[in-house]
Structures are given as C-alpha cells and as structure tokens.
Protein chains: 2
Amino acid sequence: MTPKARVRTAGRISESTIKRLSLYYRALSVLEQTGQGTVSSQDLAGREDLSPAQVRKDLSFFGTFGTRGLGYPVGELRAKLARILGIDRTWNVAVLGAGNIGTALVSYREFKNQGFLIKRIFDSDPRKVGARHGGLVVSDIARLESDLVSERIEIVVIAVPAEAAQPLADRCVRAGLKAILNFAPVNLVLPDDVCLRTENMSMELEYLSYTLVNCALPPQG
Amino acid sequence: MTPKARVRTAGRISESTIKRLSLYYRALSVLEQTGQGTVSSQDLAGREDLSPAQVRKDLSFFGTFGTRGLGYPVGELRAKLARILGIDRTWNVAVLGAGNIGTALVSYREFKNQGFLIKRIFDSDPRKVGARHGGLVVSDIARLESDLVSERIEIVVIAVPAEAAQPLADRCVRAGLKAILNFAPVNLVLPDDVCLRTENMSMELEYLSYTLVNCALPPQG
DNA sequence: AATTGTGAAATTGTTCACAGCA
DNA sequence: TGCTGTGAACAATTTCACAATT
C-alpha cells in the first residue's frame, strides 16, 4: 500500500531466465518478419531448443502475456520483451582497445541493429590513434574520462590485453560508468553497483576441447 | 572389474563445473608465473570470485589434488587441469567467414597460446578470397570439405551471417566434424554427437541493458 | 594450526500436471 | 478442445560443517 509496495520483481529473477528472454526475443523477431500472428509456447520453445514449460514459467515472472487456448501475440510479446530487456531504446557505447577484437566490434552490425550505438573507440598506441574503423576515428585513451561524460557513454566494452583491463575499468568506474562488457581474459574486481559481464572465448573453446576428449563416442557408437 | 568398469566420471559433470575449471586454469597459470608453489582453495577462489568450497568440490569430481593442511601444488594442478580440459595438446581449427569477427579471431593471440591453431579461414566472397590475415590466406568456401580432411581440422568456428550458418554447419557435419564454436546469432540444429557452443554477444549486452534498467540503484542508494 | 575432501543440508532452477480460461 | 499460468514435485547445484590429514 505504501509507494514502495510496487512490484519489485527484478532482483530475484535468475540469470538464466534473462538469457532465455534474449533467445525468445530473437525467435520472436524472426516470427514477426514471417507475419505469423501468434505463437504457442511449444513452437517458441522448439526454435531455441527449450521446453514449453520453461517458456511459460520464464514469461510468468514478468506478467501475463498469452491467451489460454491461443498462444502469445508475436509482435506484442516481442515489444514487451524489448521493454523488459531495456532494448526499446538506444544505448551509448564506447570500445576500449582498437586491436583485432575492438575494431571488429565497431563494425559489427548486430550491435547497431539492437540499439547499441558505438560512439567512440579508444587506444593508447599513438600509431592507432587517428585511424578510421567503420566510420569512427580512434581516440586517445587520455580522453577517456572527458569523452565518457561528453558522449553520455552508458556501456563500455573492454577489448584490451589482460594486464591493461583492470586499470582501465577503474578509470571508467571513477568517471561514473555503471556497465562493462569485458573481453579481456581476466577477473575484473569492481564495486557492487557496477554491472559486469565477461565474454571468455577461450573458455568456450576449452569446453569444446573437454567435451571432445571426454565425451566423444568412439567411431562405431 | 570388467574393462568397462573404469572410472566414467565425464558425462555427469556439470557445464558450470567445466567452465570454472577454465577459470582455475587461468588463475593457476598466473600463479605459476609468480613462482608460488602452493595455493589454498581460499586463495584460488578469491582470484576468480568464487567460494573455497566450490573450488574443492569441483576438483574433487576429478580426483585428489591437494594436501590437507597445505593446499594445492600450483604447477602440478595446472598441468592436471590442462589434461582434463584437453588442452595439453594442440587442436586444428578452421574459421568460416572472413568478415570482422572471423579475421579478428585469426589474429587473436590467446587462441594460439592455448594450443588452438587456426589452419584455415574461408569465405564465399571472391573479393575476400586470397586476402591475407595474420599469416593466413582466405580460402574459397568451395574447398571446405576437402580442406577439413586434408588439414585434419577438429574444431570449426562459424563467423558468418545468421542465414548462412546452418547450411555451413551441415556441410561440416557431413564431412565428419565433431565440434563447432558458433558466433552467428542463430540456434544451430545438429546431431547429438556433435559438440556445439554458441557465443552470443548480443545476449551479453542485453543482459547488461536489463540490469541497468531493472537493478540499477538510484543515485543516492 | 591449517586446509583438504566430502556427505548432508540448503538453495536454486526445471519440469510436471492440472485448474482455469478462450 | 487447446493452450496458458502456476503451485507442487523433482532435480541440480551450491554451501555448510566437520572428520581426516599433514
């Protein structure tokens, strides 16, 4: 009854549920393009190798989106998931590191399509500063703090060598940044109120390696 | 007692345990370089933001590696984890797609350091075929099947647009490939005996976006 | 005294199964 | 009849707590 009594779902929702929401969103975007008006939990689940019960349970954490007997309205559900995921808007992004990964990300169309706008790419190497990549000019890392503010950067992508990552992350945090996507193979230590996700590509290859060695069936079975 | 009665741990080991093994491996590599001889579960856990009990439990699935009262021998444990993860050897890798991500991966040093040797990079665009990237010349995708065999490729990395991914994956599987790392934002459908991992960079950004919108604390707390 | 290895307890996440509704 | 929404059952994972060991 007090103002604070409003629904405070977020917080107890699991990481895996949010990740699946991304998958549902992706499948719904495809469905919307085909013009299909409604989709059952069964169909939606099948498109991402999940179970129908999982789909219904995940969605139920956030509200009631479907019609019993019919299914979910494709366009409407997609829009509502966009809202929940916070991608019904644009986000200003900066990339730190103009090496292989950093420059690849700048030209990666998927990001722009999802509303993640890369506004700046930084490097500390004078030979890289000034170079062009996909319409952006590499800025000197010395300008980091001032540019984060002037460009209203909300998310920073770290794509520098492992040893350079923590000091840069610290600088971003001191400048008030609240979200980091880290591609450096290192465990960043940050205050609790800063959101951090780490992409560990070696980990994925090592998982494949483990599976090949330990779980591969012999040629005949 | 029968030959088949040998330890069959692998299979019931969870995905999360294997991923953490990668983290332990990484931390141990750093520790080994500093010359530290032993490490406690507490220290090791702290380096990757995990709990000491988690470390001990994970390791206990694979054997007894530590000494009560002392801790774990750094170099020895690192070597044993390398064995378990299947990275105490090299793997032959091919990259499909010479776009931004594909070419970035070819020059990514972390992979070579871990024993993942990129032997070929393919593209279907005649304008890209023949170009050089980090010591490799882009091959025509028409040569895929023959090169997979002649180069003894064991892992394929897919870095092509979503719509091209499934047909290419099918070609690889028909050629006998058993492991795929997929960067295309699509759910690949493959036979059960093929190992598949998918890197979904948009998902990670969407997770950050979700957290910023739903969990960010107001400025004053 | 310190630290592992591990059953048991607690917690978290998934699936079931069916009431409720179109 | 078909399909959602959901509490309850089940399964998986993590944490606890302590005996065992150096």
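Note that the structure is predicted; figures quoted are calculated from it, not measured. Below, read A as the first sequence line, B as the second, and so on, with proteins coming before strands; counting in each chain starts at 1.
A search for salt bridge (Lys or Arg N to Asp or Glu O under 4.0 Å) contacts involving B:E48 returns B:R26, not counting sequence neighbours. Scored by the side chain to side chain donor-acceptor pair (under 3.5 Å) test, A:D170 finds A:Q166 as partners (sequence neighbours excluded). Residues meeting the salt bridge (Lys or Arg N to Asp or Glu O under 4.0 Å) test with A:K178, sequence neighbours left out: A:D193.
Residues A:L196 and B:L208 approach most closely at N-CD2, 4.2 Å, considering heavy atoms. Closest non-hydrogen pair, B:G86 versus A:V213, comes out as CA-CG2, 3.8 Å. Closest non-hydrogen pair, A:L105 versus A:I118, comes out as O-CD1, 3.5 Å.
Residue-environment remark: CZ (A:R152) stays at or below the threshold of 12 foreign heavy atoms within 6.0 Å.
Nucleotide D:dT14 holds its C1' atom 15 Å from the CD1 atom of B:I13, rounded to whole Å.
Taking a 4.0 Å limit (strictly below) on heavy-atom distances, residues 25-36 of chain B does not reach DNA chain C anywhere.
Protein chain B contacts DNA chain C from C:dA2 to C:dA8, reading 5' to 3' and using non-hydrogen atoms of the protein with a distance under 4.0 Å.
Looking only at side-chain heavy atoms (C-beta outward), B:L77 and B:L59 come within less than 4.5 Å of each other.
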Protein heavy-atom contacts under 4.0 Å, written 5' to 3' over nucleotides 3-11 of chain D as B (base), S (sugar-phosphate only) or - (none), form the string BBBBBB---
